[in-house]
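What follows is a short report on a single structure.
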Amino acid sequence: MTSEDSGSNVRSVRDIVNLETDQENKPEHLHLLPCAISYDGPAKAATYFIPEKKPDSTYEASFRGRQLCGRKITLPRSYIGHVVIESMPHGLSELAFENDVSDTASDQRELRSVAQIAGLTVWEHDTAPLENDDEFICALEWIDTAASIHADCTSEETNGAVIVEE
Amino acid sequence: MKSMLGKHTDDELETTTNVKRVKAADSLQVFRELQMPIPGVLAQSYTFFSPHQAASEEYVLGVDEAGRGPVLGPMVYSACFCPISAYVHLKSLGFADSKQLSEDQRSKLFARLQTEEHAGWAVRCISPRDISQCMLRRTKYNLNSLAHDATIQLLREINQKANIRQVFIDTVGPPASYQKKLQQLFPSMEITVAKKADSLYPIVSAASVCAKVVRDAHLENWVFAEPLEVSRVFGSGYPGDPNTVRWLRESLDPVFGYPSIIRFSWSTCTKLLEESAVAVVWADEDEKHTKLTSKWFGGASNRRTRSKFFSRRPALILTTSL
C-alpha cells in the first residue's frame, strides 16, 4: 500500500470524491495518531483522550499508556477539510481492497464526506511533530507553496524586473 | 515527657473498629493540613516535604517504597529522617516493616510522626500515568531507573535541609552496585543499601509507613482523570487479588484500554489488551507499518530522485465530482 508498491504517484483514473456533507454532522476536530488502530467506528474519545495544552502551545495526551505530543495544524487558506469514508468498488471484497488497491482491475476510488474538519492535531510519540519535518504538516504546507509559485507576480515583487517572452 | 508520649502511643495501637474509622479520617486530615493533593486527580508525579525544623545535629535517614509491583496506582518513595540523638526515641514508637503492621497501626504511627519535633519525612509520588509513559518511551526508561532517580532526588533535596550522615535504603536490584552508585553521588553520607532494610532499620520502617500510608490514601480516594463510570473496587493491583482481576476484566475499553490509573507497561495489562482490545501498531515500533497519511499523501515516486523538498511534501492531487 505504500507508494513504492504502486510504482507511480500519477493516478491515471480519476478518483471520485463526494463532498456533500450531511448537514446534521457537526464539524469535528481530528487527531492524527502515530499508530494504526485496527478499528473503525465510534469510540469513547471524549472520555479517554484528554489533550492538555502546554506553555509552548503544543499538546500532551496519553494513548494506551504512551505519551503523545501534538501540534495543532491550520488548514491552508481557502481550503476546507473533510472527513471522508471510502466506498468499496463493485465486485471487490474488503480484504482484496485493503491488501492492494493498485493491482485491482478498477483503480478508481470513491470517497464520501461525512463531516467537515473543524481543526486538526497531529500527534507523535514522546516528542511533538516538527513543523518543518513532519510528513503530514509538510504535505499541507506544499499547497500554499504551490499556490505562491504559480501566482502572478506584481512588479513590486519582482523588484521592477520584467521578463519578456520572445 | 518522652516516655509519657511513648506510652500514649502504645495505648493507641490497640485497635478497635471505632478507632480505625477515626484514624483513617485522621490521615486525610494530616494530608489536608499539609496541603497534599489527596484526594485529587493524580495525573502528575509530585514530591512533598513535611514542614520540618532542622536541628544542627547529624541526621539518620531511611528510604523505602510502596507500590512497586502492582499493576495500578502510584509508586511512592519515601524518606524519613531524624537527628541521630533522637533515633532511640523514634525506635521506641514501634515502627516496623509496614507490611507487618495493620492499616490502623500505620495510620497511627504516621499521625504520631507528625508530632515529632525534629523528625521529617518526604515522598516522591510517581503517578501511574508517568510510570506508563516512562516505561513505554522510545528509549526505554525502566522501573529500576525510575526508583533510583526518585531516591536520588529525595536524598539531594533533603541534604540541603538537614545534615544527613547515616543513610539506610531498601535495595532495588543488586544492593552492592546500587550502594556504590549512591555512595559516589553522596560522598558525605554513610550509605547502607540492604535487602529487607525495612525490617532491619526502624528509620527505614518509618519511611515505609509514610510511603504505604500515602499510596493507600491515593487509592482509597482515587479520583479518575477520565469522566468515567467504572467500579472503584479495583483491589490492591496485584495479579493474585480477585478484585483486581475482576476490575481489569470488566473495565476494559476495546479502543483505549484503561483509564490512567493502570500501568500500561505491566504484562498483566499488555496481555489483557492483546486478548480483548483492538490491535494497535505504533509507527515507531513497526518498520513495515504504513502511516495513515501514505494512503492519500502517497509519497514521491521512486522512478527518479526528486528534490528532498518535494519528497518531504508528498501531497497527491485528487479530482472531485463537484
Side-chain angles (χ1 to χ4, degrees), chain A residues 1-11 14-20 32-39 41-50 52 60 62-68 84 86 101 109-111 122 124-127 132-143 145-146, chain B residues 43 128-139 225-228 253-260 262-265 269-270 273 277-286 289-303 309-310 312-322:
Chain A
M1 206 111 78
T2 63
S3 57
E4 282 89 304
D5 296 337
S6 62
S8 165
N9 70 332
V10 180
R11 308 187 73 86
R14 286 195 168 185
D15 300 306
I16 299 167
V17 188
N18 184 354
L19 295 182
E20 284 169 44
L32 182 59
L33 303 191
C35 58
I37 305 168
S38 306
Y39 175 75
K44 293 179 184 166
T47 303
Y48 286 93
F49 195 75
I50 310 166
E52 280 172 40
E60 268 182 15
S62 263
F63 180 65
R64 295 269 180 113
R66 282 163 178 79
Q67 182 178 52
L68 299 182
V84 294
E86 185 157 16
V101 168
R109 303 174 76 170
E110 272 187 55
L111 301 174
V122 180
E124 278 294 338
H125 184 193
D126 283 351
T127 48
N132 58 1
D133 191 55
D134 183 79
E135 199 173 60
F136 187 82
I137 298 173
C138 288
L140 289 184
E141 181 194 68
W142 172 236
I143 294 172
T145 311
Chain B
R129 187 195 72 178
D130 284 352
I131 294 172
S132 301
Q133 291 185 347
C134 280
M135 291 177 73
L136 295 170
R137 278 184 199 168
R138 285 189 222 196
T139 318
E226 298 82 2
L228 273 171
D253 180 273
V255 176
F256 294 92
Y258 292 105
S260 54
I262 290 295
R263 304 175 182 176
F264 283 78
S265 44
C269 175
T270 52
L273 291 181
V278 301
V280 168
V281 182
W282 290 86
D284 52 8
E285 285 178 7
D286 182 17
H289 171 60
T290 309
K291 270 194 170 185
L292 175 64
T293 46
S294 65
K295 202 166 177 181
W296 291 102
F297 295 79
S301 125
N302 57 358
R303 284 186 181 170
F309 179 87
F310 295 103
R312 289 229 55 87
R313 290 164 182 76
L316 292 182
I317 295 172
L318 294 174
T319 317
T320 76
S321 62
L322 282 182

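Labels below follow one simple rule: chain letters A, B, ... track the order of the sequence lines, proteins then strands, and each chain is numbered from 1.
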Per-residue contact mode, A:Ala146 against chain B (heavy atom under 4.5 angstrom): neither

task: Could you tell me which non-hydrogen atom of B:Gly257 sits nearest to which non-hydrogen atom of A:Arg64, and how far apart they are?
output: N-NE, 4.1 Å

task: Give the ring-plane orientation class for B:Phe256 versus A:Tyr48, where under 30° counts as parallel, over 60° as perpendicular and anything between as tilted.
output: parallel

- prompt: If you take all heavy atoms of A:Ser38 and B:Val278, which pair is closest and at what distance?
  reply: O-CB, 3.8 Å

Residue part contacting chain A, namely of B:Leu273, when any heavy atom lies under 4.5 Å: side chain

Minimum heavy-atom distance between A:Ala46 and B:Pro227, given as atom pair plus value: O-CG, 4.4 Å

query: What part of A:Ile137 gets closer than 4.5 Å to chain B, counting heavy atoms only: side chain, backbone, both or neither?
result: neither

query: Rounded to the nearest 0.5 Å, how far apart are CD of B:Gln133 and CG of A:Leu68?
result: 8.0 Å

query: Which answer fits B:Pro254, side chain, backbone, both or neither, if we ask what part of it has an atom under 4.5 Å from a heavy atom of chain A?
result: backbone

- request: Would you check, one step at a time, whether the test salt bridge (Lys or Arg N to Asp or Glu O under 4.0 Å) holds for B:Arg129 with A:Glu60?
  value: CA-CA 12 Å; B:Arg129 187 195 72 178; A:Glu60 268 182 15; 5.1 Å; no

statement: Greatest number of non-hydrogen atom pairs under 4.5 angstrom with chain A, of B:Ser132, B:Pro128, B:Ala43, B:Ser260, falls to B:Ser132

- request: Output the option from A:Asp126, A:Ile50, A:Ile37 having the highest count of non-hydrogen pairs under 4.5 Å with chain B.
  value: A:Asp126

statement: Taking every heavy atom of A:His125 against every heavy atom of B:Arg138, the minimum-distance pair comes out as O-NH2, 2.6 Å

